[in-house]
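In what follows, a structure is listed as structure tokens, so that the remarks can point back to it.
Residue numbers start at 1 and run along the sequence shown.
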Amino acid sequence: MNRISRSVASALVAGGLALGLGACSDVADEAAKQVQEEVDKEVDKQISEEYQVTYEVTGEKVDSIEYNAGGGDASNPKLESVKNPTLPWKKTVTLRGIEAPSVMPLAVDLGDAAGKVSCKIVYKDKTLVEKSGTGAVSAAGCVAVSPIVG
């Protein structure tokens, strides 16, 4: 009888361990599922979150400015162009998600004067990028990573 009790007790302990380990696996699976759901929510938020940047262009003379105007997406941004803008030039646009802010001023001066062109992208009073170019043909392109990604 003592031998049967030990066998039953051993079976109960083994069964309890198996159930316990299975429960741990279920807990781990549930935790992994919750983590994945939180990651998915954050990615969805970043993809759809809107933000504003201000483009600033300065220089002696700029023939055109091309910039990401918003309304597109990261792989196909909606670009707009301004011909012969008055300097200094500023434009605030609303972009979304991982869409990169970009502004490209272009100055073509075929005379002897070497012009200077500068651009800047500002987000919440912080300069994300600033570039300058000089010479007969100056292009000072500014492209930044979406500030909501980092």
Side-chain angles (χ1 to χ4, degrees), residues 11-150:
L12 288 174
V13 168
L17 283 173
L19 287 174
L21 291 175
C24 286
S25 176
D26 290 343
V27 169
D29 289 346
E30 183 61 30
K33 181 180 173 184
Q34 288 177 349
V35 167
Q36 186 61 49
E37 287 174 0
E38 289 299 316
V39 168
D40 290 347
K41 283 180 192 176
E42 186 61 27
V43 168
D44 288 346
K45 176 184 167 193
Q46 286 187 7
I47 288 172
S48 62
E49 183 176 346
E50 290 185 341
Y51 66 96
Q52 289 188 327
V53 293
T54 300
Y55 302 130
E56 298 178 13
V57 175
T58 58
E60 296 167 13
K61 181 181 181 301
V62 172
D63 295 299
S64 66
I65 300 171
E66 188 169 270
Y67 61 95
N68 182 349
D73 57 43
S75 62
N76 190 22
K78 178 184 173 192
L79 300 177
E80 290 189 8
S81 185
V82 177
K83 303 290 183 201
N84 299 312
T86 301
L87 298 180
W89 178 86
K90 272 187 175 184
K91 178 77 174 180
T92 299
V93 298
T94 301
L95 303 175
R96 189 180 54 179
I98 61 172
E99 191 175 5
S102 64
V103 60
M104 175 68 74
L106 179 63
V108 179
D109 183 6
L110 300 177
D112 291 335
K116 181 176 181 180
V117 178
S118 297
C119 64
K120 181 172 21 175
I121 300 174
V122 179
Y123 171 72
K124 293 186 176 181
D125 297 324
K126 178 184 173 198
T127 299
L128 298 178
V129 65
E130 187 170 13
K131 302 275 179 144
S132 294
T134 58
V137 177
S138 300
C142 291
V143 178
V145 173
S146 169
I148 64 169
V149 173

- Message: Going by side chain to side chain contact (heavy atoms under 4.5 Å, CB included), Pro101 matches just one of Asn68, Val122, Leu95. Which one?
- Response: Leu95
- Roughly how far, to the nearest 0.5 Å, is CD of Glu130 from SG of Cys142? 7.5 Å
- Task: Please report the closest heavy-atom contact between Val103 and Cys119, naming both atoms and the distance.
- Result: CG1-CB, 3.9 Å
- Message: Could you go through Thr58 and Leu87, starting from their C-alpha distance and side-chain angles, then the distance that decides it, and tell me whether this counts as side-chain contact (heavy atoms from CB on, under 4.5 Å)?
- Response: CA-CA 6 Å; Thr58 58; Leu87 298 180; 5.9 Å; no
- Message: Quick check for you: to the nearest 0.5 Å, what is the distance between Glu56 atom CD and Ile65 atom CD1?
- Response: 11.5 Å
- Message: Parallel, tilted or perpendicular: which one describes the rings of Trp89 and Tyr55, with boundaries at 30° and 60°?
- Response: parallel
- Item | Nearest non-hydrogen partners of Gly97 and Tyr51, listed with the distance | O-CE2, 3.5 Å
- Verdict with supporting geometry, Ser118 and Lys116, side-chain contact (heavy atoms from CB on, under 4.5 Å): CA-CA 7 Å; Ser118 297; Lys116 181 176 181 180; 3.9 Å; yes
- Is there a donor in the side chain of Thr94 and an acceptor in the side chain of Gln52, or the other way round, less than 3.5 Å apart? yes
- Could you state the interatomic distance from CD (Glu49) to CZ (Arg96), rounded to the nearest 0.5 Å? 12.0 Å
- Which atoms form the tightest heavy-atom contact between Val57 and Pro105, and what is the distance? CG1-CB, 3.6 Å
- Item | Closest non-hydrogen atom pair, Thr127 against Lys120 | OG1-CD, 3.4 Å
- So, for Lys131 and Gly141, which heavy atoms are closest and what is the spacing to 0.1 Å? CG-O, 3.4 Å
- Verdict with reasoning, Tyr67 to Val53, per side-chain contact (heavy atoms from CB on, under 4.5 Å): CA-CA 11 Å; Tyr67 61 95; Val53 293; over 6 Å; no
- Message: On a heavy-atom basis, which atom in Asn84 and which in Lys61 lie closest, and how many Å separate them?
- Response: OD1-NZ, 4.4 Å
- Task: Step by step, work out the side-chain contact (heavy atoms from CB on, under 4.5 Å) result for Val129 and Ile121.
- Result: CA-CA 6 Å; Val129 65; Ile121 300 174; 3.7 Å; yes
